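Working notes for the structure below.
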Amino acid sequence: MKKVNIDRLDTVSFLNGLVFYAPVALLVRTDAGVTMAQFFVLQAVLSLTVFLFEIPTGMITDKIGYRNTMILAQVTMFLARVLLFAAYVGGSYALFVSEAVVEGFAACFLSGTQDAYIYSVYSDERYAVKAAHVANFGTAGFVASTLLYVVLYHLGGIRMLIAATMTACGVGICCVAGIGREPAMTKPESDAGRGSSAGVWAVFKNVHMILMVLLGAGFSLGFLLINFFYVDKLMACGLREEWMSPIIIAYSVVQMSAEKMLDRIEAVHYRTAILVSVILSGMVMILFAFCRMTVAVVGIMVLLPLLLSFPAYILESMQNQYIDQCGQADQRATVLSVANMAGNLVEIAFLFASAYSVGIGVLACFAGAGAMLIVLGAAMHMWRKR
């Protein structure tokens with residue numbers, strides 16, 4: 001039974017990774033008349049929606065269950081794809097805004113839910129490996145869509161790309177509906193604070209949890225910088241934008257090796273592994289900021305996503321373990337939603353201040369994020385030892 005559930009979860013991840021218009025995501029908007037300023041507003045609207053409704057949707061998830069929420073998230077995402085198609089065809093900015101809001105709700109419902117589902121099905125020692133395994137299927141879908149988008153674009157333009165993405169998302173509804181229910185939750189003891197909103201917020205009174213949340217936000221910022229500034233760094237080294245497609249495919253494939261790396265590490269060594277990997281990823285980000293050698297820059301581009309995702313999986317496992325220790329397993333999705341809000345805040349601040357971020361230079365952005373990761377990683381390790 002578990003094997004069937006695993007297969008379906010992997011399939012859903014693969015289908016959701018099939019975003020055929022991803023290589024021309026900006027063009028989907030600008031070709032329909034959206035200006036650059038409006039594009040950043042759309043992204044900010046999406047992040048703001050996630051921020052505002054992260055906790056309420058997390059509470060809904062804890063009420064209706066992880067499987068039901070994943071179905072709801074998939075249906076909502078399909079509606080967002082339909083709105084995107086209608087917005088592009090009609091050239092309606094209002095529909096683009098509506099799509100951003102609906103996609104934000106889909107992200108809210110999915111945020112922490114899939115992780116909570118995996119954690120409830122697998123032991124905490126296997127969680128990180130399985131989470132990476134599922135993510136690899138999503139990465140495989142992304143690579144496949146990147147390779148196929150040229151063919152689809154030639155056949156039917158941007159409309160074909162959106163339609164194909166919409167179809168994959170719709171098939172995903174059927175797949176996620178066949179996923180088995182998570183194991184019945186063991187009711188928490190009737191101690192004060194357990195299973196209540198007060199208990200949820202009490203989780204974040206611990207300095208170690210706060211440091212974990214901040215470190216998660218650091219990873220979020222690192223991936224934002226990669227998505228927004230990799231092209232700028234590439235062009236600064238004298239390489240053409242066309243290099244981005246093979247680099248994206250290369251780092252996606254390399255990033256998939258995180259599963260094998262995690263599988264070779266026992267859970268008892270996670271704290272040491274996350275310390276070493278966070279410091280290493282921070283140092284590489286700083287090196288990337290100041291490096292001028294083209295070969296070295298491309299090499300770092302390929303390796304950096306792996307260096308960031310590897311400790312991110314371990315961090316998620318540690319957060320789930322701490323939730324269990326606090327007796328809040330029955331409100332896992334709510335707690336994870338609160339933790340994810342830090343990442344949402346980073347995204348909102350970055351998107352609204354994108355012009356200023358570019359003004360101070362890409363070097364400062366990468367170097368600052370790298371330094372932040374090193375400080376937070378070291379602080380979390382030292383506090384844990386106390």
Side-chain angles (χ1 to χ4, degrees), residues 46-47 50-51 53-55 57-58 61 107-108 110-119 124 127-128 130-132 134-135 138 200-201 203-227 255 258 262 267 270-271 273-282 284-285 304-326 328 331-351 365-366 368-384:
L46 191 156
S47 295
V50 174
F51 174 73
F53 296 98
E54 182 92 50
I55 295 178
T57 53
T61 297
C108 284
L110 195 58
S111 176
T113 303
Q114 181 173 281
D115 292 336
Y117 178 86
I118 294 173
Y119 191 82
D124 55 359
Y127 162 81
K130 177 56 183 175
V134 173
V200 170
W201 291 108
V203 173
F204 297 93
K205 292 182 180 180
N206 184 283
V207 176
H208 187 245
M209 184 61 177
I210 294 175
L211 289 173
M212 285 194 289
V213 169
L214 292 176
L215 185 58
F219 291 139
S220 177
L221 178 58
F223 282 110
L224 270 176
L225 291 172
I226 288 173
N227 293 334
Q255 190 176 358
L262 289 165
Y270 273 177
R271 292 191 181 91
I274 195 172
L275 173 65
V276 174
S277 57
V278 167
I279 292 178
L280 178 60
S281 60
V284 170
M285 288 189 73
L304 187 54
L306 170 63
L307 295 177
L308 288 172
S309 60
F310 173 76
Y313 290 126
I314 298 178
L315 181 67
E316 291 170 358
S317 178
M318 294 172 66
Q319 286 179 332
N320 275 288
Q321 290 176 12
Y322 183 69
I323 291 171
D324 287 344
Q325 293 172 10
C326 293
Q328 296 297 321
Q331 299 203 78
R332 188 182 308 280
T334 304
V335 176
L336 291 176
S337 293
V338 175
N340 289 337
M341 286 179 65
N344 300 143
L345 280 174
V346 172
E347 290 185 18
I348 293 171
F350 176 79
L351 290 166
C365 292
F366 274 96
M372 181 177 72
L373 286 176
I374 293 173
V375 171
L376 288 174
M380 191 178 76
H381 184 75
M382 292 177 65
W383 183 267
R384 184 63 183 179

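Just so you know, residue 1 is the first one in the sequence shown, and it goes up from there. None of the values given here were measured: they were computed from a predicted structure.
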(request) Just jot down the side-chain contact (heavy atoms from CB on, under 4.5 Å) partners of Val284, sequence neighbours excluded, or say none. (result) Leu280, Ile300, Leu304, Leu307

(request) Answer whether the closest heavy-atom distance between the side chains of Gln319 and Asp115 falls below 4.5 Å. (result) no

(message) Testing the basics here: between Leu373 and Gly218, what is the closest heavy-atom pair and its distance to 0.1 Å?
(response) CD2-C, 3.8 Å

(message) Give me the atom names and distance for the closest heavy-atom approach of Gln328 to Val335.
(response) CB-CG2, 4.3 Å

(request) Check Leu262 against Ala132 and note the closest heavy-atom contact, atom names and distance. (result) CD1-CB, 3.8 Å

(request) For residues Leu336 and Thr113, determine if any side-chain heavy atom of one lies less than 4.5 Å from a side-chain heavy atom of the other. (result) no

(message) Taking the side chain as everything from C-beta on, heavy atoms only, tell me whether Ser309 gets closer than 4.5 Å to Tyr313.
(response) yes

(request) Tell me, please, which residues at least two apart from Leu214 pass side-chain contact (heavy atoms from CB on, under 4.5 Å). (result) Ile210, Leu376

(request) Could you tell me the separation between the CD1 atom of Ile226 and the CE atom of Met285, rounded to the nearest 0.5 Å? (result) 6.5 Å

(message) If I compare all heavy atoms of Gly377 with all of Val278, which pair ends up nearest, and what's the gap?
(response) CA-CG1, 3.8 Å

(request) List in chain and number order the residues that pass side-chain contact (heavy atoms from CB on, under 4.5 Å) with Glu54, two or more places apart in sequence or in another chain; answer none if no residue qualifies. (result) Val50, Ser111, Ser337, Asn340, Met341, Asn344

(message) So Thr61 and Arg332, do their side chains get closer than 4.5 Å, heavy atoms only?
(response) no

(request) With rounding to the nearest 0.5 Å, note down the distance linking OG in Ser281 to CD1 in Ile374. (result) 7.5 Å

(request) For the residue pair Glu316 and Tyr119, confirm or rule out a side-chain donor-acceptor distance under 3.5 Å. (result) no

